[in-house]
Asker: 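Sharing a structure here in structure tokens format.
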Amino acid sequence: MTHGNDAPHSLGFDTLAIHAGQEPDPVTGAVVPPIYAVSTYKQDGVGGLRGGYEYSRSANPTRDALQECLAALEHGTRGMAFASGLAAEDTLLRTVCKPGDHVVIPNDAYGGTYRLFSQVLRRWGVEYTPAPLGDLDAVRAAIRPETTLVWCETPTNPLLNIGDIEALAELAHGAGALLAVDNTFASSYLQQPLTLGADVVVHSTTKYAGGHSDVVGGALVIGDPELAERLAYHQNAMGAVAGPFDSWLTLRGLKTLGIRMERHSDNAERIVEFLSGHPKVTSVLYPGLLEHPGHDVAAKQMRRFGGMVSFRVRGGEEEAVAICDRTRLFTLAESLGGVESLIEHPGRMTHASAAGSPLEVPADLVRLSVGIETVDDLLADLERALG
Ligand SMILES: *Cc1c(COP(=O)(O)O)cnc(C)c1O
């Protein structure tokens, strides 16, 4: 989107979220990009494409609108929308890695990401080493001559550990590798990894970007045009694209991302304060806490600290599971980032696939996705559930 001579990036985040890629429809004037539920486009003579559209796996106007918006929000040159976060990851990995390559991954990566490496990419001949990304010496030691990619997730799911994006980019680039950052937990509003030196940003747009627990999707945003070109080729060649209705829902969600993240952060801060003083809670994991080991880095690279809060409880796995069963407003469910508050037990739910691996999570851990409800109601619910 351009207004006169203004570069789009001179506009504020919320303006871009509402307008980037979303010019009124040139034919009807529709203020919101329509859902182009169409697979193919009439050609005016062989090869005579009207709007550049030919077949919707290759390009679709609704998906294009979303992709342009995603690129603007992350200050990238190109955004790509996929059928899920894992589809985006798979397309990225099989574009930038080849059999024989090696990747450094967080030792507390999202369970599905770990499974993609351990069960799929590995059989394809890509090796990986889990390392604590908060420890730069450990990351340096994990890098090999064949390392083509460092995979960063910050904050991590579900332990809320922090990686220093700027420092990791420098480390990766020094070793001739790329840095990918899974920005799902922070969202584009709280953190913009490309501006800190990352090469690719990954999102599960299922989470904060969509924001209403009504759509599954993924995204990649890239800075370097040559890398973007290679990825766009693979997006089409591998075909894991977002459909037009899913793209429309995600674009609708993005419009309120900024105000939602402010409220998620406000509510999470109040809940962290409550949990920190509760006798049943042994520790609270939240990068906004001064005593969090990644606090200074998080404060440097994030606008605020977000809506995800994990905590460990006295009484072990049994008590952690019981708390998850006792909340009423916090719905017991996987996923995160929606307007409604969710609670889960990572060990038995989202991270069950990491059991017995180096990425196993503590059994006494509870994860909250703090929603945007009235915070006093959320506090009362937790107070009752903790007993
Ligand atoms: C959910 C999630 C993914 C996977 O995304 P899907 O949309 O479920 O495929 C990747 N990374 C993180 C951090 C996630 O929370």
Side-chain angles (χ1 to χ4, degrees), residues 74 85 89 104-114 130-136 138-139 150-169 179-196 198 201-209 211 257 260-269 271-272 275-276 283-312 334-338 341-344 346 350-351 354 359 361-362 365-371:
E74 290 281 357
E89 293 186 20
V104 178
I105 65 169
N107 67 349
D108 59 345
Y110 167 68
T113 299
Y114 178 67
L133 295 195
D135 178 351
L136 292 172
V139 176
V150 174
W151 186 274
C152 171
E153 205 185 302
T154 184
T156 55
N157 179 4
L159 296 175
L160 284 309
N161 283 319
I162 300 294
D164 185 331
I165 297 171
E166 218 163 0
L168 287 167
L179 178 70
V181 177
D182 184 335
N183 203 24
T184 299
F185 261 40
S187 87
S188 313
Y189 178 73
L190 296 181
Q191 178 172 277
Q192 289 152 0
L194 296 180
T195 66
L196 299 166
V201 172
V202 181
H203 281 282
S204 168
T205 54
T206 313
K207 317 294 169 53
Y208 286 108
L257 180 62
R260 282 189 286 110
M261 292 315 295
E262 288 290 345
R263 180 64 171 260
H264 282 297
S265 302
D266 287 344
N267 284 0
E269 283 173 14
I271 284 168
V272 163
L275 290 172
S276 299
S283 65
V284 181
L285 313 181
Y286 188 67
L289 287 167
L290 288 174
E291 64 267 28
H292 186 288
H295 175 75
D296 291 346
V297 173
K300 178 182 77 169
Q301 68 191 15
M302 297 175 77
R303 199 196 292 251
R304 293 188 68 184
F305 304 104
M308 297 303 298
V309 179
S310 293
F311 61 99
R312 300 179 68 169
E334 301 200 353
S335 198
L336 60 108
S341 293
L342 302 179
I343 190 167
E344 69 124 357
T350 47
H351 291 65
L359 282 84
V361 296
L365 188 75
V366 175
R367 189 189 79 181
L368 303 178
S369 173
V370 178

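Sequential numbering from 1 along the given sequence is applied to the chain's residues.
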Asker: To the nearest 0.5 angstrom, please state how far the CG atom of Leu194 sits from the CG atom of Leu179.
Answerer: 10.0 Å

Asker: Dump the intermediate steps for side chain to side chain contact (heavy atoms under 4.5 Å, CB included) on Leu285 and Leu365, then the final yes or no.
Answerer: CA-CA 10 Å; Leu285 313 181; Leu365 188 75; 3.8 Å; yes

Asker: Within this structure, what is the OH-CD1 distance for the pair Tyr110 and Ile105, rounded to the nearest 0.5 Å?
Answerer: 14.0 Å

Asker: Is any side-chain heavy atom of Met308 closer than 4.5 Å to a side-chain heavy atom of Pro158?
Answerer: no

Asker: Closest heavy-atom contact between Ala209 and Arg260?
Answerer: O-NH2, 3.3 Å

Asker: Would you please say whether a donor-acceptor pair under 3.5 Å links the side chains of Asn183 and Gln192?
Answerer: no

Asker: Indicate the atoms forming the closest heavy-atom contact of Ala167 with Leu136, along with that distance.
Answerer: CB-CD1, 3.6 Å

Asker: When you measure from the side chain of Asp182 to the backbone of Val201, do you find a donor-acceptor pair of N or O atoms at a distance under 3.5 Å?
Answerer: no

Asker: State whether the side chain of His292 and the backbone N or O of Leu160 hold a donor-acceptor pair below 3.5 Å, judged by distance alone.
Answerer: yes

Asker: Taking side chain as C-beta onward, heavy atoms only, is Ser335 less than 4.5 Å from Thr206?
Answerer: yes

Asker: Could you give me the CA-CA distance, side-chain angles and deciding distance for Ser188 and His203, then say whether side chain to side chain contact (heavy atoms under 4.5 Å, CB included) is met?
Answerer: CA-CA 9 Å; Ser188 313; His203 281 282; 3.3 Å; yes

Asker: Is the backbone N or O of Gly163 less than 3.5 Å from a side-chain atom of Thr154, with the two atoms forming a donor-acceptor pair by type?
Answerer: yes

Asker: What are the two closest non-hydrogen atoms of Pro287 and Ile162, and how far apart are they?
Answerer: CB-CD1, 3.8 Å

Asker: Quick check: closest heavy atoms across Tyr286 and Ala268, and the distance to 0.1 Å?
Answerer: OH-CB, 3.8 Å

Asker: Testing the 3.5 Å rule here: is there a donor-acceptor pair between the side chains of Glu153 and Thr113?
Answerer: no

Asker: For the residue pair Thr350 and Glu334, confirm or rule out a side-chain donor-acceptor distance under 3.5 Å.
Answerer: no

Asker: In sequence, state the C-alpha distance, the side-chain angles, and the governing distance for Tyr208 and Leu190, and then conclude on side chain to side chain contact (heavy atoms under 4.5 Å, CB included).
Answerer: CA-CA 11 Å; Tyr208 286 108; Leu190 296 181; over 6 Å; no

Asker: To the nearest 0.5 Å, what is the distance between CZ (Arg312) and OG (Ser283)?
Answerer: 5.5 Å

Asker: Ignoring hydrogens and angles, tell me if any N or O in the side chain of Ser369 forms a donor-acceptor pair with the backbone of Leu336 under 3.5 Å.
Answerer: no

Asker: If I compare all heavy atoms of Gly306 with all of Ser265, which pair ends up nearest, and what's the gap?
Answerer: N-OG, 3.3 Å

Asker: Could you go through Leu133 and Val139, starting from their C-alpha distance and side-chain angles, then the distance that decides it, and tell me whether this counts as side chain to side chain contact (heavy atoms under 4.5 Å, CB included)?
Answerer: CA-CA 6 Å; Leu133 295 195; Val139 176; 3.8 Å; yes

Asker: Quick check: closest heavy atoms across Asn157 and His351, and the distance to 0.1 Å?
Answerer: O-NE2, 3.0 Å

Asker: If only atom types and distance count, is the side chain of His264 paired as donor or acceptor with the main-chain N or O of Val370 below 3.5 Å?
Answerer: yes

Asker: The criterion is side-chain contact (heavy atoms from CB on, under 4.5 Å); which residues satisfy it with Asn161, sequence neighbours excluded?
Answerer: Asp108, Thr156, Leu159

Asker: State whether the side chain of Thr184 and the backbone N or O of Ser204 hold a donor-acceptor pair below 3.5 Å, judged by distance alone.
Answerer: yes

Asker: Hey, could you give me each pair passing side chain to side chain donor-acceptor pair (under 3.5 Å) that has a residue in residues 295-304? Not counting sequence neighbours.
Answerer: Asp164-Lys300, Glu262-Arg304, Asp266-Arg304, Glu269-Arg304

Asker: When rounded to the nearest 0.5 angstrom, what is the spacing between CZ in Phe185 and NZ in Lys207?
Answerer: 7.5 Å

Asker: Within the structure provided, determine whether Leu342 and Leu368 are in side-chain contact (heavy-atom separation under 4.5 Å).
Answerer: no

